[in-house]
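Side chains included, hydrogens not; waters and symmetry mates left out as well; all remaining heavy atoms used. As the structure lists them, so they are numbered: ligands from 1, and atoms in each ligand from 1.
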Amino acid sequence: MRAVTTKVTQARFLTGARSFAQFPCDRGSEVAFAGRSNAGKSSALNTAAGQRSLARTSKTPGRTREINFFELAESRRLVDLPGYGYARVSEVERRRWAHMVERYLEGRQSLQGVVLVMDVRHPFTDFDQRFIEWCRRLHLPGHILLTKADKLSNSRAQAALLAARKHPAMQHDGFTIQLFSAQKRLGVQELHARLDDWLQLG
Ligand code: GDP
């Protein structure tokens with residue numbers, strides 16, 4: 001087993017923050033996971049960490065409005081950003097979300113990159129594209145997981161990957177993309193390699 005796998009599976013919950021003031025110390029390196037609610041972000045995080053319920057799913061009330069920090073090793077963290085596009089959220093809450101996430105992305109020195117989770121069957125929603133644009137503006141590298149790939153046949157999944165690579169939002173440096181399935185554990189090694197690179201694990 002590669003060193004990165006060992007480190008990532010040692011993840012433990014550090015803290016949940018509802019405001020900038022509650023973020024843990026901005027030292028070392030971290031990678032944030034983002035995505036539309038229900039895209040499969042918690043499942044991807046849990047699969048990457050090899051733990052069934054490290055990140056709670058969107059159905060868990062309360063927790064979903066927080067930025068959750070998980071520690072892998074000394075000053076190495078994974079960060080679960082609250083899912084966007086949550087149907088039952090008011091406009092005020094939506095703005096609060098945007099403000100907190102933008103503040104996090106802009107101000108976080110230790111942030112090395114962002115993993116953006118998109119359902120392979122519904123990629124590049126308006127918000128995904130806006131999120132990619134934020135990252136581009138901030139010169140933040142990103143890695144996209146086209147998740148729930150098990151819902152498509154192999155050939156359809158490959159076609160979706162090719163189409164996604166050609167999407168206008170992908171026509172700039174700094175973003176990579178892969179197929180992923182939490183259910184089938186597809187693409188876990190590729191994701192680990194990305195995390196390893198950003199977090200300098202191992
Ligand atoms: P989140 O809201 O983005 O954190 O999404 P969750 O991880 O809670 O997943 C939303 C739903 O999609 C749940 O019912 C999961 O079981 C399902 N799901 C997540 N990942 C996969 C996957 O890779 N394959 C399949 N078939 N279902 C998935």
Side-chain angles (χ1 to χ4, degrees), residues 5 8-9 11-18 30-70 77-90 93-94 96-98 100-101 104-105 113-132 134-135 142-161 163-164 169 176-195:
T5 314
V8 171
T9 54
R12 63 176 187 91
F13 178 70
L14 194 61
T15 190
R18 283 180 167 265
E30 64 192 29
V31 171
F33 280 61
R36 195 173 189 286
S37 287
N38 218 38
K41 175 171 56 71
S42 315
S43 305
L45 249 165
N46 290 336
T47 303
Q51 297 182 32
R52 204 172 292 171
S53 52
L54 186 71
R56 327 241 171 132
T57 62
S58 349
K59 277 112 237 145
T60 316
R63 271 265 180 266
T64 54
R65 304 271 77 83
E66 297 179 344
I67 296 184
N68 289 308
F69 293 82
F70 304 95
R77 292 171 301 274
L78 293 182
V79 181
D80 186 9
L81 298 177
Y84 48 75
Y86 200 60
R88 278 168 281 160
V89 161
S90 68
E93 268 196 84
R94 226 181 285 271
R96 254 201 75 231
W97 176 92
M100 181 164 73
V101 172
Y104 168 81
L105 293 175
V114 175
V115 174
L116 176 60
V117 178
M118 306 193 299
D119 186 321
V120 68
R121 298 162 301 170
H122 317 287
F124 301 109
T125 63
D126 284 355
F127 215 107
D128 293 327
Q129 296 190 51
R130 226 181 305 160
F131 192 84
I132 293 169
W134 273 356
C135 294
H143 185 63
I144 294 176
L145 301 182
L146 291 174
T147 193
K148 307 193 191 183
D150 58 276
K151 296 259 192 191
L152 300 179
S153 66
N154 257 341
S155 57
R156 278 183 181 270
Q158 287 301 332
L161 176 62
T176 47
I177 189 162
Q178 67 160 102
L179 291 170
F180 189 84
S181 163
Q183 190 166 301
K184 293 270 158 66
R185 297 188 51 79
L186 176 93
V188 179
Q189 270 197 336
E190 200 175 341
L191 172 60
H192 277 164
R194 203 14 125 206
L195 297 176

Does the side chain of [X] reach to within under 4.5 Å of the side chain of [Y], using non-hydrogen atoms?
{"X": "Val117", "Y": "Phe180", "result": "no"}
{"X": "Ile67", "Y": "Pro82", "result": "yes"}
{"X": "Val114", "Y": "Trp134", "result": "no"}
{"X": "Leu186", "Y": "Asp150", "result": "no"}
{"X": "Leu146", "Y": "Pro123", "result": "yes"}

**Message:** Check this for me - ligand 1, Gly40, N or O atoms closer than 3.5 angstrom, yes or no?
**Reply:**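 N/O-N/O distance under 3.5 Å: yes.
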Practice item. Output yes when the distance from some N or O of ligand 1 to some N or O of Ala149 is under 3.5 Å, and no in every other case. Key: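 No - when backbone and side-chain N and O of Ala149 are compared with those of ligand 1, no distance drops under 3.5 Å.
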> Going through the distances and angles, do Asp128 and Thr125 end up as a side-chain hydrogen bond (donor to acceptor under 3.5 Å, both in side chains)?
Replying inline: CA-CA 5 Å; Asp128 293 327; Thr125 63; 2.9 Å; yes
Which of the atoms in ligand 1, numbered in the order shown and given with their element, are less than 4.0 Å from a heavy-atom of [X]?
{"X": "Ser42", "value": "1 (P), 4 (O), 7 (O)"}
{"X": "Ser37", "value": "2 (O)"}
{"X": "Thr147", "value": "23 (O)"}
{"X": "Lys41", "value": "1 (P), 3 (O), 4 (O), 5 (O), 7 (O)"}
{"X": "Ala182", "value": "20 (N), 22 (C), 23 (O)"}

Item to check | Candidates Val115, Val120, Leu116 - the one meeting side-chain contact (heavy atoms from CB on, under 4.5 Å) with Leu145 | outcome: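 So, applying the side-chain contact (heavy atoms from CB on, under 4.5 Å) to Leu145 and each of Val115, Val120, Leu116, only Val115 qualifies.
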Report task. For ligand 1, note which part of Asp150 has a heavy atom under 4.0 Å away: side chain, backbone, both or neither. Result ->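 The side chain, only.
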* Asked: Given that the side chain starts at C-beta and the backbone is N, CA, C, O, which of these parts of Val117 lies under 4.0 Å from ligand 1, counting heavy atoms, or is it both or neither?
  ->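 No part of Val117 comes within reach of ligand 1.
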Using heavy-atom distances only, which candidate in Ser43, Gly35, Ser181 approaches atom 6 (P) of ligand 1 most closely?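 Heavy atom nearest to atom 6 (P) of ligand 1 belongs to Ser43.
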Judged by non-hydrogen atoms, does Arg36 sit under 4.0 Å from ligand 1?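 A heavy atom of Arg36 does come that close to ligand 1.
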Quick one: list whatever passes salt bridge (Lys or Arg N to Asp or Glu O under 4.0 Å) with Arg156, sequence neighbours left out.
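Result, salt bridge (Lys or Arg N to Asp or Glu O under 4.0 Å) vs Arg156: none returned.
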